[in-house]
Peer 1: 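Can you keep this structure in mind? I'll have questions shortly.
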Amino acid sequence: ETVMTQSPATLSLSPGERAALFCRAGQSVGINLAWYQHKPGQAPRLLIYGASARAADIPDRFSGSGSGTEFTLTISSLKSEDFAIYYCQQYDKWPWTFGQGTKVEIK
Amino acid sequence: EVQILQSGGGLVQPGGSLRLSCEASGFKFINYAMAWVRQGPGTGLEWVSAISGDGKASYYADSVKGRFTISRDNSKNTLSLQMNSLRAEDTAKYYCARAPNLRHSLDHWGQGILVTVSS
């Protein structure tokens with residue numbers, strides 16, 4: 001199984017600040033990596049696929065980078081609606097695996 | 001508009017069975033792989049199972065292999081998850097989600113449905 005490790009576990013930031021979330025894969029997953037945003041009581045929402053491609057209707061303040069084992073999700077300037085939990089997921093190898101999540105909270 | 005409507009959750013005793021369903025609309029169902037993902041109490045997302053658009057390929061997490069069966073009826077645009085021999089650790093909110101294929105991310109999700117395994 002490909003273990004996905006996210007850091008930090010929690011990120012405390014203010015609106016307008018830049019957020020950088022990290023995801024490390026236990027083995028190379030190429031660019032078969034997605035990022036999701038999850039808010040309480042809502043369905044998860046795809047943000048990024050293919051490590052760096054924004055999903056439909058995702059604002060350009062969200063960007064993804066990386067390949068192989070190291071990936072980053074950057075939110076350039078946090079808005080109030082961005083405070084949520086973010087998960088990375090690899091779909092390169094079975095079983096698909098998610099990271100444990102990074103909570104972005106208001107400072 | 002893509003819609004994924006889920007049904008079938010509830011309370012079941014350990015060792016019991018439950019069948020989850022989701023009905024899809026707004027897209028050509030057979031052209032998409034489908035998957036189940038769950039979130040236990042206070043935990044993160046866990047992939048459970050996935051199936052190809054034509055239903056010929058399916059995959060399972062080790063934690064559910066041999067107990068859960070994923071299936072689809074492309075004539076009715078429905079996806080199902082038959083869950084047998086349920087355990088307390090299967091208690092979770094279960095999400096049904098769509099993927100363009102089995103080498104792609106999950107681009108649309110249902111709202112989720114709660115399954116509680118308890119005596």
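Convention: sequence-line order gives letters A, B, ...; per-chain numbering from 1.
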Peer 1: Counting heavy-atom pairs closer than 4.5 Å to chain B, which one of G99(A), P95(A), P44(A) comes out on top?
Peer 2: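 Highest number of heavy-atom pairs under 4.5 Å: P44(A).
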Peer 1: Is chain A contacted by the side chain of A97(B), its backbone, both, or neither, given a heavy-atom distance below 4.5 Å?
Peer 2: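 It is neither, since no heavy atom gets under 4.5 Å.
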Peer 1: Determine whether more than 12 heavy atoms belonging to other residues, nucleotides or ligands lie under 6.0 Å from atom CD of E23(B).
Peer 2: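 No, CD of E23(B) has 12 or fewer neighbouring heavy atoms, counting only those of other groups under 6.0 Å.
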Peer 1: Search all heavy atoms of V48(B) against all heavy atoms of L81(B) and return the closest pair with its distance.
Peer 2: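 Looks like CG1-CD2, 4.4 Å.
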Peer 1: Report, by ascending residue number, the residues of residues 17-43 of chain A in heavy-atom contact with chain B at a distance under 4.5 Å; give 'none' if the set is empty.
Peer 2: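 Against chain B, the residues of residues 17-43 of chain A that fall inside the cut-off (heavy atoms, under 4.5 Å) are N32(A), A34(A), Y36(A), H38(A), G41(A), Q42(A), A43(A).
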Peer 1: W47(B) and ring pair (Phe, Tyr, Trp, His ring centres under 6.0 Å): which single residue from W94(A), Y91(A), Y87(A) fits?
Peer 2: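 Going through W94(A), Y91(A), Y87(A) one by one, the ring pair (Phe, Tyr, Trp, His ring centres under 6.0 Å) with W47(B) is satisfied by W94(A) alone.
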Peer 1: Do the ring centers of Y94(B) and W36(B) come within less than 6.0 Å of each other?
Peer 2: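 No, the ring centres sit 6.0 Å or more apart.
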Peer 1: Decide whether T78(B) and D73(B) meet the rule of one side-chain donor and one side-chain acceptor closer than 3.5 Å.
Peer 2: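 No.
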Peer 1: For D92(A) and R103(B), which heavy atoms make the closest approach, and how far apart are they?
Peer 2: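 Between these two residues, the closest heavy atoms are O-NH1, 2.6 Å.
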Peer 1: Tell me which of these, D107(B), T43(B), L102(B), D62(B), has more heavy-atom pairs under 4.5 Å with chain A than the rest.
Peer 2: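 Of the options given, most contacts go to L102(B).
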Peer 1: Side chains of S12(A) and E105(A): any donor to acceptor distance under 3.5 Å?
Peer 2: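 There is such a pair (donor and acceptor under 3.5 Å, judged by atom type) between the side chains of E105(A) and S12(A).
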Peer 1: Does any heavy atom of chain B fall under 4.5 Å from the side chain of W96(A), the backbone, both, or neither of them?
Peer 2: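 For W96(A), the contact with chain B is made by backbone and side chain together.
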Peer 1: Tell me whether D54(B) is salt-bridged to R72(B), with the criterion being a basic N under 4.0 Å from an acidic carboxylate O.
Peer 2: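 No salt bridge links D54(B) with R72(B).
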Peer 1: How far apart are the closest heavy atoms of A35(B) and L106(B), and which atoms are they?
Peer 2: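 Minimum heavy-atom contact is CB-CD2, 3.8 Å.
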Peer 1: Counting only N and O atoms by type, is there a donor-acceptor contact under 3.5 Å from the side chain of Q6(A) to the main-chain atoms of Y86(A)?
Peer 2: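 Yes.
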Peer 1: Between R87(B) and D90(B) (salt bridge meaning N to carboxylate O under 4.0 Å), is one present in this structure?
Peer 2: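 No.
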Peer 1: I'd like to know which of S105(B), S49(B), A50(B) tops the heavy-atom pair count under 4.5 Å against chain A.
Peer 2: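 Looking at each of S105(B), S49(B), A50(B) in turn, S105(B) comes out on top.
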Peer 1: What part of H108(B) gets closer than 4.5 Å to chain A, counting heavy atoms only: side chain, backbone, both or neither?
Peer 2: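 Neither part.
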Peer 1: Determine which residues belonging to residues 50-72 of chain A lie within contact range of chain B, meaning some heavy atom pair is under 4.5 Å apart, and list them by number or answer 'none'.
Peer 2: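 Residues of residues 50-72 of chain A touching chain B at under 4.5 Å: none.
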Peer 1: Keeping Y59(B) on the side-chain end and S52(B) on the backbone end, is there a donor-acceptor pair under 3.5 Å?
Peer 2: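 Side chain of Y59(B) to backbone of S52(B), a donor-acceptor pair under 3.5 Å: no, none is there.
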